[in-house]
Amino acid sequence: ARHPPPHHLMLSMEDMFPAGPSSSSSCDAPPREHKHGATSSTTRMTIVHRHGPCSPLAAAHRKPPSHGEILAADQNRAESIQHRVSTTATGRGKPKRSRRQQPSSAPAPAASLSSSTASLPASSGRALGTGNYVVTVGLGTPASRYTVVFDTGSDTTWVQCQPCVVVCYEQREKLFDPARSSTYANVSCAAPACSDLNIHGCSGGHCLYGVQYGDGSYSIGFFAMDTLTLSSYDAVKGFRFGCGERNEGLFGEAAGLLGLGRGKTSLPVQTYDKYGGVFAHCLPARSTGTGYLDFGAGSLAAARARLTTPMLTENGPTFYYVGMTGIRVGGQLLSIPQSVFATAGTIVDSGTVITRLPPAAYSSLRYAFAAAMAARGYKKAPAVSLLDTCYDFTGMSQVAIPTVSLLFQGGARLDVDASGIMYAASASQVCLAFAANEDGGD
Amino acid sequence: VGIVGNTQLKTFGVAYDIGKKVVGFYPGAC
């Protein structure tokens, strides 16, 4: 078992289960901040699994979400992204401009924030799928710490704010209180930054933002500036973010969201002069482990040593589109026409849990993977939610699984780690961690 | 649209350079 056959990986069952939401394992290493690399222009934050023992939010979860709930939320997230992509492509879903752009005669903030729902769809009550990883940032002067969802799939950073004029969901940490920060300021309606927002309004001269997700979740409030502390040695003065006074949706108990997309309001774009629009992340294999989120030139050094793939920017201003070209299973390139990947394109999204493939690509992957597993005699198991290729590994300590590699334009290759090939709901249900889109055009 | 999700990105360094318009993957980063 110590020597897997060629093009196979050994999957340790012991390693798989700390990744489950029902884990009671302790944190491998407490989150810490540190400089790294040769360049001082790189700053590092710690990423932890939202439901793992390293998460500041973990203690708040009396009942961790089930695998079914996590996967259902992930399906909502994927559908939300499909919706945003498709509506942007057709023009139907272009960001709405608020009708409330009157200047000083605007109603009081409370009334504005309440009435703003007129331009928003009714909440379906479905989750955005807040992603499984969080980072902790400091906000204000003196800085208070907030645990926020880390999201490369959206732009505007926001936190729930005092006095929470309309409604806030329950969060683990105290609400951010602008009155306690000496560096807080609202962005004025006349400021160019206000126009950077996809959805904006005006109340009493103060810029209002709206962040609306495809599933009906949203945050509305004042667009503001304050000092954002990324680490103990690095802060961003005048960072523009949403001070949320009306926030609804299942955002877990996070204080808000850190937007890492490519739009004007995102953190990488706002800090372009400081970090050069460069950042990198690493997500830990186990929920008991820690990863990192780096900003700055040093974070790209390791990638430059390897092959990179072009970021395809013509498809829209927000998502990180890349060109997927193929899949290898057990070292063998699957026979999938290039058009299968090119038809709809591919994005990289830190907030989606399970990789979604065009139906034809998934079908080919599943067939090859299942054939390799059958050849080794592994017993199949019932599906788990959207995962349909599952195995019963009861009583096994290690399992040999075929390698899976995702190939991209320019020669970049993602040789998926064993922890990323399988999703373990239980020892008797360990599933191939990929799913198909409903339609080849999705 | 296809989506590369976070499960498949585990342990990989994923680097984004908005100016140069590239995405890089490097294994064993954490």
Side-chain angles (χ1 to χ4, degrees), chain A residues 74 78 81-82 85 131-133 152 262 268-269 272 276-285 289 291-292 299-300 302-306 308-311 313 320 322 324 341 344-358 406 412-417 419-420 423 433 437 442, chain B:
Chain A
D74 200 48
I81 288 171
Q82 307 288 6
V85 167
N132 275 343
Y133 296 93
T152 62
R262 294 190 299 113
V269 173
Y272 197 92
V278 175
F279 70 100
H281 59 74
C282 186
L283 307 174
Y292 62 77
S299 61
L300 194 63
R304 283 201 183 112
R306 307 266 174 169
T308 57
T309 189
M311 189 186 290
T313 56
Y320 291 102
V322 291
M324 199 165 162
F341 297 109
T346 304
I347 64 170
V348 179
D349 176 33
S350 69
T352 295
V353 178
I354 300 295
T355 289
R356 303 308 203 280
L357 295 170
L406 308 182
R413 198 179 72 203
L414 184 62
D415 295 325
V416 183
D417 186 76
S419 62
Y423 185 99
N437 280 332
D442 282 347
Chain B
V1 66
I3 307 170
V4 179
N6 61 45
T7 297
Q8 282 65 39
L9 298 175
K10 285 177 184 177
T11 75
F12 262 72
V14 186
Y16 307 77
D17 187 331
I18 292 172
K20 291 191 169 60
K21 296 183 179 177
V22 295
V23 177
F25 303 106
Y26 48 102
C30 66

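Values reported hereafter were calculated over all heavy atoms of this structure, with side chains retained and with hydrogens, waters and symmetry mates removed. We name chains A, B, ... by the order of the sequence lines, and we start the count at 1 in each one.
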Under 4.5 Å from any heavy atom of chain B - which part of [X]:
X      : result
A:T313 : side chain
A:V322 : side chain
A:Y272 : side chain
A:F279 : both

Step-by-step side chain to side chain contact (heavy atoms under 4.5 Å, CB included) determination, B:T11 to A:L283: CA-CA 6 Å; B:T11 75; A:L283 307 174; over 6 Å; no
Pair B:I3, A:L357 - check side chain to side chain contact (heavy atoms under 4.5 Å, CB included), show working. CA-CA 7 Å; B:I3 307 170; A:L357 295 170; over 6 Å; no
Closest heavy-atom contact between [X] and [Y]?
X      : Y      : value
A:G291 : B:C30  : CA-SG, 4.2 Å
A:M311 : B:V23  : CE-CG2, 3.9 Å
B:A15  : A:A280 : CA-CB, 3.8 Å

Please answer whether the main-chain N or O of [Y] pairs with a side-chain N or O of [X] as donor and acceptor at a distance below 3.5 Å.
X      : Y      : value
B:T7   : A:V353 : yes
A:D417 : B:K10  : no
B:N6   : A:S350 : yes
A:N437 : B:V1   : yes
B:Q8   : A:G420 : yes

For a side chain to side chain contact (heavy atoms under 4.5 Å, CB included) check, start with the C-alpha distance between A:I347 and B:V4, then their side-chain angles and the critical distance, and finish with the verdict. CA-CA 6 Å; A:I347 64 170; B:V4 179; over 6 Å; no
Walk me through it: do A:T308 and B:Y16 pass the test side chain to side chain contact (heavy atoms under 4.5 Å, CB included)? CA-CA 10 Å; A:T308 57; B:Y16 307 77; over 6 Å; no
A side-chain contact here means heavy atoms from C-beta on lying under 4.5 Å apart; do B:F12 and A:D415 qualify? yes
